[in-house]
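A quick write-up on the structure given underneath.
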Amino acid sequence: MKIGIIGAGFVGQTVARLAVGNGHEVMISNSRGPETLFSMRSALGCEIGTAKQAAEFGDVVIVAVPLKAYRAVPVAPLVGKVVIDTNNYYSERDGAIAELDRQETTTSEMLAQHLPQSRIVKALNAIVMKDLATDGRLSGSPDRRALPIAGDDTEAKTLVAHLVDEFGFDVVDVGALREGWRFERARPAYCVPLDKAALLQTLSATTRDEMVTEGTWRK
């Protein structure tokens, strides 16, 4: 596939490296322009461009920007495309967002409102990037870690699940996009290494008022 990545921080770089390693064509971008990404072309083996160019380039596009910047994601080039939302909400970075503080919506539903004609899948947010880079295992491995996804488009989720499997992880589909709260920041399954059975059990048992103390899993 062609994979566009909007955001060139830890998430964007880690996903780019994994995608290139699995034979995909990748273009990475940031808000400052491709001239600031010059070294990444050779370091990651990918193309560099603007956010608009990355959105146009990708069959699948990954949004890996701070949540506060989600409205800067280009809309028109992403119409009809699968968009993977990796966002997490950090009020100390993103500012207070009342709807999220009141648990009235989720980060992915906010992105979906901004991209109403895109096929949003929540994924790759509930793992520390150093673990995403190193914890992948071959399919069928007894110690294979699982990662959660959520979305409203079944075909889009199948594609994303295939990509996550290529990266070396099993997948647990929690259902509709609105269920993505189950693996947002500070939920019991967030950035905790679990196999498929344990992750499914943890996600199913999670309640809206259940939060955990922040540990060492910050990205």
Is [Y] paired with [X] through a side-chain N to carboxylate O contact shorter than 4.0 Å?
{"X": "R187", "Y": "E184", "value": "no"}
{"X": "D143", "Y": "R137", "value": "yes"}
{"X": "E92", "Y": "R185", "value": "yes"}
{"X": "K130", "Y": "D135", "value": "no"}

Nearest-0.5 Å distance that lies between atom [atom1] in [X] and atom [atom2] in [Y]:
{"X": "N30", "Y": "I48", "atom1": "CG", "atom2": "CD1", "result": "9.0 Å"}
{"X": "R17", "Y": "M40", "atom1": "CZ", "atom2": "CE", "result": "9.0 Å"}
{"X": "F57", "Y": "C46", "atom1": "CZ", "atom2": "SG", "result": "9.0 Å"}
{"X": "I149", "Y": "D173", "atom1": "CD1", "atom2": "CG", "result": "4.5 Å"}
{"X": "L37", "Y": "M27", "atom1": "CG", "atom2": "CE", "result": "10.5 Å"}

Quick check: closest heavy atoms across [X] and [Y], and the distance to 0.1 Å?
{"X": "G7", "Y": "I28", "answer": "O-CG1, 3.8 Å"}
{"X": "L147", "Y": "F169", "answer": "CD1-CG, 3.8 Å"}
{"X": "P188", "Y": "V212", "answer": "CA-CG1, 4.0 Å"}
{"X": "A150", "Y": "V174", "answer": "CB-CG2, 3.5 Å"}
{"X": "A51", "Y": "P74", "answer": "O-CG, 3.9 Å"}
{"X": "R102", "Y": "E104", "answer": "NE-OE2, 2.6 Å"}

* Sequence neighbours left out, what pairs pass side chain to side chain donor-acceptor pair (under 3.5 Å) with at least one residue falling in residues 53-69? =>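 Sorted pair list: T50-Q53, K52-E56.
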Expected output: side-chain [X] to main-chain [Y] donor-acceptor under 3.5 Å:
{"X": "H24", "Y": "M1", "answer": "yes"}
{"X": "S29", "Y": "I5", "answer": "yes"}
{"X": "D165", "Y": "A161", "answer": "no"}
{"X": "T106", "Y": "E109", "answer": "yes"}
{"X": "D195", "Y": "A146", "answer": "no"}

Check: [Y] and [X] side chains under 4.5 Å, non-hydrogen atoms:
{"X": "M129", "Y": "L132", "value": "yes"}
{"X": "N87", "Y": "S108", "value": "no"}
{"X": "K81", "Y": "R119", "value": "no"}
{"X": "I3", "Y": "E25", "value": "no"}
{"X": "D85", "Y": "I62", "value": "no"}
{"X": "L44", "Y": "V20", "value": "no"}
{"X": "L194", "Y": "T202", "value": "yes"}
{"X": "L159", "Y": "H162", "value": "no"}

* Counterpart residues, salt bridge (Lys or Arg N to Asp or Glu O under 4.0 Å), relative to E47 (two or more places apart) ->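 Applying salt bridge (Lys or Arg N to Asp or Glu O under 4.0 Å) to E47 gives R41.
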Can you establish whether the number of heavy atoms outside [X] located under 6.0 Å from its atom [atom1] is more than 12?
{"X": "Q117", "atom1": "CD", "result": "no"}
{"X": "R144", "atom1": "CZ", "result": "yes"}
{"X": "E155", "atom1": "CD", "result": "no"}

* **Criterion side-chain contact (heavy atoms from CB on, under 4.5 Å) on D131 and R145, from CA distance to verdict** => CA-CA 10 Å; D131 291 349; R145 184 169 173 175; 3.4 Å; yes
* Asked: Does a donor on one side chain and an acceptor on the other come within less than 3.5 Å for Q201 and S204?
  -> no
* Asked: Can you find a side-chain donor-acceptor pair between K122 and T107 that sits under 3.5 Å?
  ->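 Checked: K122/T107 side chains pair up, N/O donor to acceptor below 3.5 Å.
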* When Ile, Leu, Val, Met, Phe, Trp and Tyr are grouped by side-chain heavy atoms lying under 4.5 Å apart, directly or through other members, which residues fall in the same group as M110? ->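 Answer for M110: I6, V61, V63, V65, L67, Y70, V73, V75, L78, V83, Y89, I97, L100, L111, L115, I120, L177.
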* Before giving the answer on side-chain contact (heavy atoms from CB on, under 4.5 Å), spell out for V172 and F183 the whole-Å C-alpha distance, their side-chain angles and the decisive distance to 0.1 Å. => CA-CA 11 Å; V172 172; F183 53 95; over 6 Å; no
* To do: Report whether W181 and V121 are members of the same hydrophobic cluster (ILVMFWY, side-chain heavy atoms less than 4.5 Å apart, transitive linking).
  => no
* Worked check of side-chain hydrogen bond (donor to acceptor under 3.5 Å, both in side chains) between Y190 and N88 -> CA-CA 10 Å; Y190 183 67; N88 287 300; 3.1 Å; yes
